[in-house]
Amino acid sequence: MAHYRDIASRLIKLGPFDRRSRGGWRFGTKTISDPIVARLIASGRARRDGDRIVKAEPAPTGARES
C-alpha cells in the first residue's frame with residue numbers, strides 16, 4: 001500500500017483529486033481510494049476543499065505576529 005500512497009502523494013502536487021460519484025476520488029482516470037486520501041490528509045500533505053482534495057499549503061515561516 002505504501003507504493004499507492006507514494007503515487008498519490010506525487011499526484012496531489014500536480015493537481016486536485018475530484019470526488020467520484022461512486023465513492024472514492026480520482027485524478028484524471030486514476031482512482032484514489034478513501035483510505036489513501038485519509039492518510040494524505042492526516043499527514044498534512046493534503047486538505048479537503050469542498051468536493052476536491054488539494055495540496056496543503058505549508059505554514060509561512062519567518063514572519064511572526066506581534
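Hydrogens, waters and symmetry mates play no part in the numbers below; they use all other heavy atoms, side chains included.
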Ion pair present between R39 and D34, side-chain N to carboxylate O less than 4.0 angstrom?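 Not counted as a salt bridge, because no side-chain N and carboxylate O are separated by less than 4.0 Å.
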So how far is it from [X] [atom1] to [Y] [atom2], rounded to the nearest 0.5 Å?
X: T31; Y: I36; atom1: OG1; atom2: CD1; answer: 12.5 Å
X: I12; Y: I7; atom1: CD1; atom2: CD1; answer: 14.0 Å
X: W25; Y: R20; atom1: CH2; atom2: CZ; answer: 11.5 Å

Acceptor/donor pairs from residues 46-56 side chains to any protein atom, 3.5 angstrom cut, sequence neighbours excluded:
{"residue": "R48", "atom": "NE", "partner": "G50", "partner atom": "O", "Å": "2.9"}
{"residue": "R52", "atom": "NE", "partner": "D18", "partner atom": "OD1", "Å": "3.0"}

Heavy-atom check, side chain of L14 versus side chain of R10, under 4.5 Å: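 Result no, sub-4.5 Å side-chain heavy-atom pair not found.
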Do K30 and L11 come within less than 4.5 Å of each other through their side chains, counting heavy atoms only?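 A side-chain contact under 4.5 Å exists here.
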Are a donor atom and an acceptor atom from the side chains of R45 and S9 found within less than 3.5 Å of each other?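 Side-chain D/A pair, R45 to S9: present.
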